[in-house]
Protein chains: 2
Amino acid sequence: MAKVLPAAPFEGANENLAATTAPQDVSREDAATFDVLRKMREDILCCVLKPDQKLKFGELRQRYDTSVGTLREALSHLVSEGLARTESGRGFQVSPISLADFLDLSELRVYLETKTLADAIRHGTDAWEAEIVSSYFLLSKLGAPKQDDPLSVKQEWGKRHKRYHDALVATCRSPWSLHYRSELFDQARRYHWLTMIHSRLHRRNEHLEIRDAVLARDSDLACSLLEQHIRTTVEQAVADVPGLIRGNARVLKPGKRRKS
Amino acid sequence: MAKVLPAAPFEGANENLAATTAPQDVSREDAATFDVLRKMREDILCCVLKPDQKLKFGELRQRYDTSVGTLREALSHLVSEGLARTESGRGFQVSPISLADFLDLSELRVYLETKTLADAIRHGTDAWEAEIVSSYFLLSKLGAPKQDDPLSVKQEWGKRHKRYHDALVATCRSPWSLHYRSELFDQARRYHWLTMIHSRLHRRNEHLEIRDAVLARDSDLACSLLEQHIRTTVEQAVADVPGLIRGNARVLKPGKRRKS
DNA sequence: ATTGTCGAAAGTTTCGAAAATCTGGTTTAC
DNA sequence: GTAAACCAGATTTTCGAAACTTTCGACAAT
């Protein structure tokens with residue numbers, strides 16, 4: 001009988017660096033389609049395209065200056081990522097948001113982020129530490145954006161925030177975990193955006209605390225802090241974002257209007 | 001200060017049944033594009049389209065009798081799911097497979113499937129139990145396919161196998177967990193297929209054991225059995241599939257040939 | 001023998017127009 | 001008065017051809 005593998009966590013699961021099969025992180029491609037995809041994703045994440053909004057080809061074609069086919073391909077991608085939905089025959093729309101979804105999302109994030117972070121710490125390298133220090137520096141230099149900061153500042157902060165969190169887990173050996181973690185992080189960004197717009201609450205410097213725990217290779221503390229970090233954000237959103245609790249948030253503008 | 005949510009696992013995360021935002025399970029759509037997508041996914045999962053194979057539009061157009069645009073959209077979906085890859089300017093290809101990937105995949109599956117199953121058991125209903133009984137019955141009626149069973153039998157078994165495993169976790173309250181679980185399950189199907197082709201090993205009736213543990217609502221036992229189920233499959237593949245261990249498996253046919 | 005350049009062939013990407021489908025308002029039948 | 005049938009306008013879906021990129025082999029130069 002083959003007793004090649006022990007019952008405990010697979011030996012070699014983390015040793016083997018060979019070719020990974022996990023889904024591509026589409027962002028590094030540079031064809032026209034991917035440009036449109038990138039822009040559109042960013043617009044959804046920043047609620048420029050609002051939750052539940054109908055995505056009409058006419059408007060989009062104008063906005064992104066491209067053809068129907070290209071749009072269709074990009075939209076198709078967004079559906080797979082969960083940022084848009086489609087029903088055959090009646091086009092596309094931005095995915096709705098809801099408290100239930102945010103809670104679900106966040107719980108799974110805690111589950112995955114901690115696993116990923118623990119593994120990253122276990123396999124950390126000098127370069128990894130350097131990128132954490134560097135990305136934290138860039139993040140802290142900007143400071144948490146306030147309600148009336150211009151859009152561009154908020155977007156820049158969003159980028160640096162993601163870069164920092166990506167850096168933390170970069171040395172995790174599981175491509176699949178990394179991939180799903182990243183998708184969930186993006187999903188959460190939509191909710192963070194709402195929080196950023198509405199909240200003025202003060203928070204401790206959680207990113208600093210996490211950074212130091214990680215650099216000290218204190219896995220338990222780091223995971224615990226990261227967990228709190230995620231949970232606090234949920235609390236903050238629940239407390240500060242009006243409309244998120246009762247039914248779908250319609251935070252920006254009413255989604256429908258009707259003629260007189 | 002808002003103390004709306006406790007620090008422990010979110011209250012209400014599992015209570016709230018409201019609109020979910022998790023990615024659509026694309027399978028229930030019925031437009032032409034989705035037909036092509038379904039067929040193509042099935043072909044990749046069953047290694048009719050082999051790992052690493054170049055996916056040329058000319059051939060595909062003929063095989064699925066459709067236009068380039070439609071194909072492109074379907075392929076785009078498959079890339080998001082991790083079943084295909086693309087590099088700008090040089091088309092699409094079926095994702096490679098490797099031992100490292102299978103190990104990674106399986107480890108994450110254990111992590112997610114057990115969490116999902118535990119939650120499903122916690123919220124099980126009569127209808128849930130009924131579907132488990134029914135889908136198990138259909139699965140057992142077919143028996144594990146052997147090396148020289150015809151393709152159609154293997155495919156039918158694949159369908160019933162998936163239906164059974166889906167049934168187990170159907171009442172899990174976390175749409176996101178369910179979605180990722182399902183994607184990972186499909187990924188694993190590619191490897192199962194190889195095992196099915198090459199192996200004659202006998203296995204205990206693990207599906208029956210799991211079914212009974214689940215119906216008895218013995219969460220710990222059920223999760224443990226499910227974990228073993230996944231791990232045993234890995235062992236079997238490592239033992240029986242030639243070529244999986246050393247580098248990428250090229251199990252079906254050489255991918256390249258050259259003229260004299 | 002190796003390297004470099006050019007051009008033809010194969011393949012991919014993008015586009016806009018034709019066909020199919022949906023939406024909402026108006027008419028018609030009961 | 002209600003509901004079914006119908007029509008026109010708007011929108012989505014599908015398609016094949018034009019534009020562009022990459023690949024490959026032949027030929028010339030080193």
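- Smallest separation of non-hydrogen atoms from A/Leu168 and A/Trp128: O-NE1, 2.9 Å.
- Considering all non-hydrogen atoms of both residues, B/Arg160 and B/Leu138 come closest at NH1-O, 2.9 Å.
- Side-chain rings of A/His161 and A/Phe185 approach one another, their centers coming within less than 6.0 Å.
- Residue-level contact check: A/Leu75 touches neither bases nor backbone, having no heavy atom under 4.0 Å from any strand.
- A salt bridge is absent between A/Arg85 and A/Asp52; no separation between the charged side-chain nitrogens and carboxylate oxygens falls under 4.0 Å.
- You'll find that the side chain of A/Arg72 is closest to D/dT12, out of C/dT14, C/dG11, D/dT12.
- Taking both residues in full, the closest heavy atoms of A/Ser177 and A/Lys115 are given as OG-CE, 3.7 Å, listed atom of the first, atom of the second, then distance.
- No cation-pi contact links A/Lys39 to A/Tyr64, judged by a cut-off of 6.0 Å to the six-membered ring centre and 45° from its axis.
- For the pair A/Leu71 CG and C/dT14 C1', the computed distance is 12 Å after rounding to whole Å.
- Whole-Å rounding puts the B/Phe34 CZ to D/dT14 C1' distance at 14 Å.
- Between B/Lys54 and C/dT12 there is a side-chain polar atom (N or O) within less than 4.0 angstrom of OP1 or OP2.
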Could I get a table of every N or O pair under 3.5 Å where one atom is in the protein and the other is in nucleotides 19-23 of chain C?
none

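- Taking the six-membered ring where the residue is Trp, A/Phe92 and A/Phe57 present perpendicular rings, their angle passing 60° and hence far from 30°.
- Straight-line distance from the CG atom of B/Leu37 to the P atom of D/dT14: 12 Å, rounded to whole Å.
- Between the side chains of B/Asp101 and A/Trp176, a donor-acceptor pair is found at a separation under 3.5 Å.
- Considering only side-chain atoms of A/Lys56, the nucleotide from C/dT14, D/dT13, D/dT11 that sits closest is D/dT11.
- One can place CG of B/Asp35 at 17 Å from C1' of D/dC15, the figure rounded to the nearest angstrom.
- Here the closest non-hydrogen pair linking A/Leu45 and A/Arg189 is CD2-NH1, 3.7 Å.
- Listed by residue number, B/Val68 are the residues of residues 59-69 of chain B with a heavy-atom contact under 4.0 Å to DNA chain C.
- The CD-P distance, from A/Glu73 to C/dT12, rounds to 13 Å in whole Å.
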